[in-house]
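Following: one structure in structure tokens, then a few remarks.
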Amino acid sequence: MEASYTQTSFLAGEWSEWAQSRFDLPEYKKAMSKCLNAFPVDEGAVPRRPGFEFLGTSRNGAAGRLIPFDFTDALPYDMEFTDGHLRFWSETQLASTNDNQVVSSISGANPAVFTLPAAVTWATNDQATFSFSSPADAVTGVTLLNKQFILTMLTTTTFNATDAVTGVQVNGSGLTALTPTVAHISDFTTPYSVAGADWHSLRSVQSYDLAMLLHSSVAPQALLVLNAPTASSFASFEFTPASFQDGPYLDPPPNSIATISGTAGVVQVTVGYNAWASGTTYGIGVPVTNDGQDYISLANNNTGVTPGTNAKMWLPLGSGSMVSAKGFVDTDVGRMIRLFSEPIIWDPSTTFAAGDTVAYNGSYFTSLIDSNTNNEPDISTTDWVINTSAAIWTWGIITQVNSANSVSLQLQGANLLYTVPVQTWRLGVWSNTTGWPTCGCYQEGRFWFAGAVPNRVDSSAPNAAFNMSPTAQDGTVADSNAISYTLNASQTNPIFAMEPDHQGILMFTEEGEWLMSSGTAGAPMTPSNIQAHIETKYGSSNILPVRTGLTICFVQRQKKRLIEFLVDVFSQRFFGKDLSVFARHLGARGVEELAYQQQPAPFVWERCTDGTLTGTTYRRISLFSTQEPEFVGWHQHQLGSNRFIESICVSPSGGGTLDALSMVTNNLATNVRYVERMTPLMDETSPLTQAWFLDCAVTPPAASLSGNTVTFSGLWHLEGKKVSVFAAALDCGDFIVTGGQVAVTLGTADPLTGYTFDIPQFNLLQPMVDDFSDQSVTIVGSPTSYTIPCVIGFNYQSQGQLVRPQLPVDTGAKTGPGFGKKRRQARYAVALSKSLGVKIGVDNGKSRPVPAISPGGKQLPYLSTYSGIVRDTLENDFSFDSMLRWETTRPYPATVTALGGFITTEDV
Amino acid sequence: MSLGDLGSLVTAGGSAIQDLFQGEGASAQASSFTGAATLAEQNAKLTAASTRIQETQTARQVYQTIGTQEADVAGAGFTESGSALDLLRSSAQQGSLAKSLVNIEGAISENSYAAQAGAYKGLATAYNEAATGDKISAIGSIGGALLKNVDLASKGQTVVKGIDYVSGLFSSAPEVGTQFSGAAAATEAASTESFLAPGVVQSSLLEPTGLLSTTDAAVSSGADLSAAFAASDVGVDTSEVAIGTSETAASTGIGDAITGIAGDIASGIGDAASAVGGFVADAAAEVAASAAEIAAGIGDVLASIGEALAFVLSVICTAYYKRGMITRSVWHGAQLYGRDVAPRHVYEAYLLWGRPIAFLIDKSAFAAKVFAPIFIPWAHELAVLAGEKTAKSTRWGRTVFRVTYAFSDILGRVMQLRRLYAHT
């Protein structure tokens, strides 16, 4: 007997084979066996993934990475890092320096000489883009479009231009009549390169318009927005090394002193240990100096044994051992040293004059009288007066390394008060010798840094990004001072990431997850009110977690699992849940990078080790650990270009109404990198003219009509590739790009709808140009030009497949579940929304197109899509699976909102 | 002697008595300050011990604070590094400061008490000197007044007669005494205030009290040891000034008395002549008025000093005997007269005015010589009256005896009236 079943939600996403037998779970009814290039959204429907728009190549097509810089929602920016360079993508455009010039003339020479009307400050090897205001000029000068050019400045007003990817210089032949607008690309030189300081591990910590860029081998760099962007101009930036002040520092080396040559300007600082004294008892590990040689005690109760005479009691040390095994090295230049300038220690046998200052029992006193001998300062009140300003901390930067134990220090703080040896001094934590912070966050007005030293965190002073002073000048520690702490961890491991949370700062280490917070609820963290405890021991990989609506998602240490991390509202304890438990096969690819997209649906995007992309539609509403997330649905994505994804990031789309996923892809055959951005998701109100279901696609920068052929030009990045043309809302078929062009003959029929790519359709489109302005191209014809929507790029296939129907109610089995019982589905019913070109099948068998006809059986009107329920027959035999499958193979929109079958199950 | 001179003499006597009591008060003050100085020294020692205890307590608190911080750091999940060390170092430094502060504050308190002790000692010395000055001043006052009367007596027989007459009136006219008593009672209140008006020495001795309070204020504020020392120095300096002032005042009192002799001789003669020659009829009323005034003032003094008079050391005859200016038999005879022959109230009155003079004689050879023409014949007269045969009775001696007896009789009766009045 035939039974029918329907799956109305697909929010459980794609399940691994290991999970697909869990038909005992409620979520089984929402699961899919496959979800390729499609994703479930909040409502439960599964729309196709939108295509990716090609924004441009990375600088010179080199390997690169995108990092969001969201200092404004309306005009979002992504930072593009390539070797030694930083550029900015503002939505779909490369940010320029806002000094665009309209070229006065182009010579007909090869290479062409471009002449500008006014002098510019551009330099050779700077880069630029060209644009035309006239579609006709665009056709003529299409060789200048959709490319980036390296400039060779001949004078301040003339230059040659070379294609940044191909290296071909612009030939002026045929361009002399043109006056394109040239935009100088905003480009900063950076210290990051794959060969050196690899930008792959670069992290950005942002506070409004200031981004602190962190890398283990490069001093933090500060990127500051100088001028906010407007509708007609890009933002301008300043990119400089972060100039930290007075910290952070390591702890004072024990029993060491620093001899200084002066009190102001550049002083020579020579470090050493206090001299060995025969009457002193030394413990194990205490270093001393004797006869110019440093030693360390190997025993406790080490008294009266002269260093150098007993190898079992004293071990010789190299010079500068309090700094490192090699002492000071050249890479210490730029490192900070903090010195505590104190007066000499009071000695009862010394005679002091009036005004002399001494240290005594931790306080400081100034003599009131001459001939002041053997008067104990703190009780001889008529002989000494306490001096509260007799000792100060000051600091400087090493400008030169003189020897293993001596450096030149440029004082940055106050002048030293005395030339007597400094008993307490501290060396900067960060340097080119010791490394730099690798991760951080911004919380409660402080920048927090970690990663340079395992388990250690440092913060700036509140609302003072570069002030790292640990104390006031007199040593007082105020709440407003910078903070430095080292986690009391059982293991030594670096902190991979820091995420601010309402309870404090979550720190992700290989060992586990730590929460650093104020000791008092609601109070800010201060040097004296702070605590950190390990919360969970999942262990994190060195991948930046993402914050979702209520949770933080991070990649577990082995990079295979995605963990949601949140506080249980009942127990107030953090807990984590494996979100990839039913999609182990996708997690097995390995995760290299995460990005979170809030709109149009909540997605966690995972860039996989194999260069593919997976996504998780994920939302949690309940903060009870006993409850599951609202939905967790995995989906996988394969680019139509089959390119290797090297970087992903999410930032707001223009206007801030949606989020958009951007990425850098690599054509492994050419190693040219492309910057692509996911186009907006078509919803049920979007017209077909806005459909964009092609990857690495563009709206061609130029098009012309000649005879009955429309030529789309400027497709340089698709050269030699087979592309699909979706023009005038019609599938015009596949073409090979030659010379940056494809030619579509008028009258070409859409195989699905039957409508032709022809003038009548063009005319129908002219009144609705505003609907597709983001993807419109003007076909320059004579005498008439037409503006139509057009997208050209790589076609990709979207697929979805249900899991096996197993429950009696679904299969119609009379004796228990349908498991192990052969079944066959003769028909299906599907609910579609704004769809075209959907095919339905069973298992791996042949799929049949869903008829593109109206519910009344009539042909759909031009520019129409199908919304409604379709029921049709299927081709399949009895099997144990009988899993319904749908697919879309052409660049049409498709959204499945429900799918069900009419099934006959053989009870045994 | 006119009645005005008699009043003047009595006033001087009262002033002398007042000075004497002031002197005794100053002595008491000196004793009190000596005690305070001793206490201050003890406080200084206690403060030193207390400071050591506080220092130890502070050190323990610092140790505990740092220990708590170390435990807190570990409990907070951090190693003792970075900000933890900064905090510990800051706490240790704060502890050192606190410990130093304890020491310094202790030293300040210690020094303050020492300064206080010094100031008290200085004030005690000042009051001792002032007491001496008061007594000398008292003697000067009475001596000067007596000298006036001596001169008057020696220069005018009329005056002597007048006095005899007045004396007779008192002894023979009880009704006049009754009137005098009423007058005395009526004018008592008004007279008291003027009678007790402070003298020069008294006002100068008040100053160190103010300085003491200044010193106390400086010390108790504890703000600045130097300031305390400075204030203390000022106190000591001012005490010295006070001492100097009292000495000067005493000298001035004597000087005034002596200087007044010459002037008073002439004026006394005129006064006496005027009183005896022209206004005999008004004598009774004059005596009543003057006596009332005197009686009221002296009554007050006597009422306030009560039994304290017992400390007076010697009387006139004894003083002259000590100086060898009368024989033992004369001295003995005079004593017998006073103790056994003279009425009690006369003897008490005599002690009142005689002892200051005796004190002066005792202290000053010059005063002894000045008073000798008056009191040696007088002593002989007393001894004669007591039956001593070696004594010589002279006319002058008898005169002096009568005058002093009359004065003592009046004074004694006033004292009796005063006592009676006080009891009722």
Side-chain angles (χ1 to χ4, degrees), chain A residues 247-252 340 359-365 368 376-382 384-386 388 391 393 424 426 429 453 455-459 469-472 474-478 481-489 514-519 526-534, chain B residues 47-52 54-56 58-59 62-63 65-66 68-112 114-115 222-229:
Chain A
Y249 298 101
L250 297 169
D251 295 335
F340 193 46
Y360 180 75
N361 280 348
S363 297
Y364 306 97
F365 298 85
L368 294 171
E376 202 172 346
D378 67 345
I379 60 172
S380 304
T381 54
T382 55
W384 297 95
V385 63
I386 200 159
T388 55
W393 280 102
T424 309
R426 306 172 67 177
V429 175
V453 176
N455 298 343
R456 176 174 173 135
V457 291
D458 296 282
S459 89
S469 296
T471 72
D474 65 355
T476 306
V477 182
N481 278 115
I483 301 173
S484 295
Y485 275 104
T486 302
L487 303 179
N488 218 342
W514 291 70
L515 174 66
M516 183 167 63
S517 61
S518 163
T526 67
S528 59
N529 192 8
I530 187 171
Q531 58 181 343
H533 302 286
I534 192 164
Chain B
T47 301
S50 168
T51 301
R52 294 290 166 262
Q54 286 184 52
E55 187 185 0
T56 304
T58 305
V62 170
Y63 178 78
T65 301
I66 290 176
T68 302
Q69 283 184 342
E70 287 176 337
D72 285 348
V73 167
F78 298 116
T79 62
E80 208 167 279
S81 175
S83 294
L85 281 185
D86 291 328
L87 284 166
L88 291 171
R89 197 179 296 113
S90 179
S91 296
Q93 205 163 2
Q94 189 69 21
S96 298
L97 276 174
K99 182 169 162 289
S100 298
L101 193 61
V102 166
N103 283 336
I104 289 169
E105 286 179 343
I108 288 172
S109 297
E110 215 173 316
N111 290 337
S112 297
D224 188 342
L225 183 60
S226 303
F229 275 127

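A quick note: this is a predicted structure, and the numbers were derived from the prediction, not measured. Naming: A, B, ... by sequence-line order, numbering from 1 per chain.
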When rounded to the nearest 0.5 angstrom, what is the spacing between [atom1] in [X] and [atom2] in [Y]?
X       : Y       : atom1 : atom2 : answer
E105(B) : T381(A) : CD    : OG1   : 11.5 Å
W393(A) : R89(B)  : CH2   : CZ    : 5.0 Å
D474(A) : Q93(B)  : CG    : CD    : 7.0 Å

Where does [X] contact chain B at under 4.5 Å (heavy atoms): side chain, backbone, both or neither?
X       : answer
T424(A) : side chain
L250(A) : neither
Y364(A) : side chain
Y360(A) : neither
W514(A) : side chain
A472(A) : neither
D458(A) : neither

Distance-only criterion, 3.5 Å: show the donor-acceptor pairs between side-chain atoms of residues 95-102 of chain B and protein atoms not counting sequence neighbours.
{"from": "S96(B)", "atom 1": "OG", "to": "N361(A)", "atom 2": "O", "distance (Å)": "2.7"}
{"from": "S96(B)", "atom 1": "OG", "to": "A92(B)", "atom 2": "O", "distance (Å)": "3.1"}
{"from": "K99(B)", "atom 1": "NZ", "to": "E55(B)", "atom 2": "OE2", "distance (Å)": "3.3"}
{"from": "S100(B)", "atom 1": "OG", "to": "S363(A)", "atom 2": "OG", "distance (Å)": "3.3"}
{"from": "S100(B)", "atom 1": "OG", "to": "S96(B)", "atom 2": "O", "distance (Å)": "3.0"}

Handout entry: Stepwise side-chain contact (heavy atoms from CB on, under 4.5 Å) test for R426(A) and D86(B)
Key = CA-CA 11 Å; R426(A) 306 172 67 177; D86(B) 291 328; 2.7 Å; yes
Just wondering, do [Y] and [X] contact through their side chains at under 4.5 Å, heavy atoms?
X       : Y       : answer
I379(A) : R52(B)  : yes
E376(A) : N103(B) : no
T486(A) : F78(B)  : no

Problem - Over 12 non-hydrogen atoms of neighbours within 6.0 angstrom of CD in Q94(B) - result: no
Fill in the blank from the handout: Looking only at N481(A), V457(A), I530(A), the option with the highest number of non-hydrogen pairs under 4.5 Å against chain B is I530(A)
Handout entry: Among the listed options P252(A), S528(A), G362(A), the residue most often paired with chain B at heavy-atom distances under 4.5 Å
Key = G362(A)
Practice task
Ignoring hydrogens and angles, tell me if any N or O in the side chain of S83(B) forms a donor-acceptor pair with the backbone of S484(A) under 3.5 Å.
Solution key: yes
Fill in the blank from the handout: Heavy-atom nearest pair, G77(B) first then H533(A), reads N-CE1, 4.0 Å
Problem - Residue selection (most heavy-atom pairs with chain A, distance under 4.5 Å) from A74(B), A84(B), G75(B), G106(B) - result: A84(B)
Exercise for the section: Please state whether the side chain, the backbone, both or neither of L87(B) comes within less than 4.5 Å of a heavy atom of chain A. Expected result: both
